[in-house]
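These notes concern the structure reproduced below.
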There are 2 protein chains.
Amino acid sequence: MPRPKEFNPDDAIEKAMHVFWHKGYEATSMEDLLTAMDLNRGSLYDTFGDKRQLFLKVIDRYCHGFVAEKFLLLDQPGPALPTLRRFIHEMIEGALADPQRRGCLIANTVMELSPHKKEIAGTLRQALKMAEDTFFKVLARAKQQGELKHDKDPRALARFLATMMQGTIVMIKAGASADVVKQTAETALSILN
Amino acid sequence: MPRPKEFNPDDAIEKAMHVFWHKGYEATSMEDLLTAMDLNRGSLYDTFGDKRQLFLKVIDRYCHGFVAEKFLLLDQPGPALPTLRRFIHEMIEGALADPQRRGCLIANTVMELSPHKKEIAGTLRQALKMAEDTFFKVLARAKQQGELKHDKDPRALARFLATMMQGTIVMIKAGASADVVKQTAETALSILN
DNA sequence: TACATATTGGAACGATCAGTCAATAACCTG
DNA sequence: CAGGTTATTGACTGATCGTTCCAATATGTA
């Protein structure tokens, strides 16, 4: 049996995630990653492969270990619409609370890389689809429970909410004030009435 | 009087714009720009300064000579809401028709650079504010002309539309289908009813 | 004709880029 | 303790980055 690693690969991935999240893919250098992850070139390349492979792992980690967990809140039983409203609200509060205003790593990557790198575009589409589907489930439940009028289309509303969420991220990154962002979200949510 | 330039600086800026629009700021090299603009290093640096200054000129050009012109459509007299709907529709058609799905240079730059580069963030915020204000004007006019119910808030709706527009751009860059994008826009516009 | 300036093409700058490699150190098993 | 295996380390690669500079050439005006 070999010598064990001196670092935790999961922790290292998470540290790399924050760098990519902050600076974007192109602007992040291996030097940045090495210092942030606090390991040496050899260890990084041996463990995670090159920059592209590391980034794919980071994206995967962000989607499954960071975003998915928050969307779990929407799967709880009980009143659906209040839960949905609370979720949106918390998402916005979280994005506003980040002093760096990094927004969403998925949206950032969509904007930076999606048109060029096909392999990663698939993963990103999948993540957005997951968000849409989760919205759909909670909206369908809301309709079933009589919280949503009969003429509302849960699928269309889910797509609308997903799109609105991305737009909100853009506005937050652009420096919009908290008040304006929240008011705009309320306007958007009024479509559920 | 000196020898005149052999190239049209405006055309050169526009060519540079398309490169930045396609690849983003960081991923665009001076080499890319030189070949696209079809001029030499000396000419480029003498005329436009360094990469950062050139990019600022590009952004300015995009905002004033590319976007502003399209928003002029909203200033026409007559029925306001149909004009607004047509504008949104055309914006989406244009973005979908671009085979490269480059989205919006302003949104791209907000996502890539806004949190880091303060000087450019101001220009971007200004551009987004212009969009919001133009939406506001047309919505205020709609309300005045009785096309919009009395309980609707033009300012809130304008911010909503601006945010929705950005979200739509993200979805288009993420590869959403034309049908879904248009349906989602219709859902968003139903808020005006 | 002569001066002034722009273009051209390329050489070269230091810095940084992503990635490689071999020597060294640390650990586990036997 | 010894032998084997792997992690760590830091120097090193070639390529590319943005930028500067220069000498040669071309073209306008005075």
Side-chain angles (χ1 to χ4, degrees), chain A residues 1-60 105 108-109 112-113 116-120, chain B residues 1-60 105 108-109 112-113 116-120:
Chain A
M1 280 294 154
R3 169 183 175 188
K5 289 187 191 299
E6 293 187 3
F7 62 94
N8 182 334
D10 282 347
D11 292 351
I13 285 279
E14 188 161 327
K15 287 172 184 169
M17 182 187 80
H18 286 290
V19 181
F20 280 124
W21 195 357
H22 176 52
K23 306 187 73 171
Y25 180 80
E26 295 286 353
T28 295
S29 69
M30 295 304 283
E31 210 64 40
D32 294 332
L33 294 167
L34 290 173
T35 58
M37 301 167 82
D38 193 33
L39 40 82
N40 306 80
R41 293 190 121 71
S43 304
L44 197 160
Y45 279 94
D46 283 353
T47 313
F48 304 107
D50 59 15
K51 187 183 178 184
R52 196 188 105 271
Q53 293 171 298
L54 172 60
F55 186 66
L56 289 173
K57 291 188 175 76
V58 161
I59 292 288
D60 197 69
L105 179 57
N108 295 355
T109 309
E112 185 185 359
L113 300 179
H116 317 93
K117 319 236 164 165
K118 291 187 181 174
E119 66 172 331
I120 201 169
Chain B
M1 278 292 154
R3 171 182 174 187
K5 291 186 190 301
E6 291 188 3
F7 63 93
N8 184 333
D10 282 349
D11 293 349
I13 285 279
E14 188 161 326
K15 287 172 184 168
M17 183 187 80
H18 287 289
V19 182
F20 280 125
W21 196 356
H22 175 52
K23 307 187 71 171
Y25 180 81
E26 295 287 353
T28 296
S29 70
M30 295 304 282
E31 210 63 40
D32 294 332
L33 293 167
L34 290 174
T35 59
M37 301 166 83
D38 193 32
L39 42 81
N40 307 77
R41 294 191 125 71
S43 304
L44 196 160
Y45 279 94
D46 283 354
T47 313
F48 304 108
D50 58 16
K51 187 183 181 185
R52 195 189 105 270
Q53 293 172 299
L54 172 60
F55 186 67
L56 289 173
K57 291 187 174 75
V58 160
I59 291 288
D60 198 69
L105 179 57
N108 295 356
T109 310
E112 183 185 0
L113 300 179
H116 317 93
K117 319 238 164 164
K118 290 187 182 175
E119 66 172 330
I120 202 169

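In what follows, chains are A, B, ... by sequence order, proteins preceding strands, each numbered from 1. We use all heavy atoms of the structure for the numbers below, so side chains are in, but hydrogens, waters and symmetry mates are not.
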(message) In whole Å, I'd like the distance from the CE atom of A:Met30 to the C1' atom of D:dC17.
(response) 17 Å
(message) Heavy atoms within less than 4.0 Å of DNA chain C: which residues of residues 45-53 of chain A have one? Give them sorted by number.
(response) A:Tyr45, A:Asp50, A:Lys51
(request) Check every strand shown and say whether A:Ser43 touches a base, only sugar-phosphate, or nothing at a heavy-atom separation below 4.0 Å. (result) base
(request) Look at the rings of B:Phe20 and B:Phe55 and say which category their plane angle falls in: under 30° parallel, 30 to 60° tilted, over 60° perpendicular. (result) perpendicular
(request) Go through A:Asp46 and A:Ser43 one step at a time and tell me if the side-chain hydrogen bond (donor to acceptor under 3.5 Å, both in side chains) criterion holds. (result) CA-CA 5 Å; A:Asp46 283 353; A:Ser43 304; over 6 Å; no
(request) Determine the minimum heavy-atom distance between A:Glu112 and A:Glu26, stating which atoms define it. (result) OE2-N, 2.9 Å
(request) Under 3.5 Å for both distances, Watson-Crick or G-U wobble, that's the pair rule; now give the dot-bracket for DNA chain C, with | marking pairs to another strand and [ ] for crossing ones. (result) |||||||||||||||||||||||||||..|
(request) Specify the separation, in whole Å, of atom CG of A:Asp38 and atom C1' of D:dG10. (result) 15 Å
(request) Send over the distance from A:Leu44 CG to C:dG19 P, rounded to a whole Å. (result) 10 Å
(message) Let's test your reading of the model: under 3.5 Å, does the base of C:dT8 pair with the side chain of B:Arg41 as donor and acceptor?
(response) no
(request) Return yes if some donor-acceptor pair links the side-chain N/O of B:Asn8 with the main-chain N/O of B:Asp10 below 3.5 Å, else return no. (result) yes
(request) For B:Asn40 and D:dC21, give me the distance from atom CG to atom P, rounded to whole Å. (result) 17 Å
(message) Tell me if a side-chain donor or acceptor on A:Lys23 pairs with a main-chain N or O of A:Ser29 at a distance below 3.5 Å.
(response) no
(request) Please determine, for the side chain of A:Phe7, which listed nucleotide (D:dG18, D:dT8, C:dA18) has the closest atom? (result) D:dT8
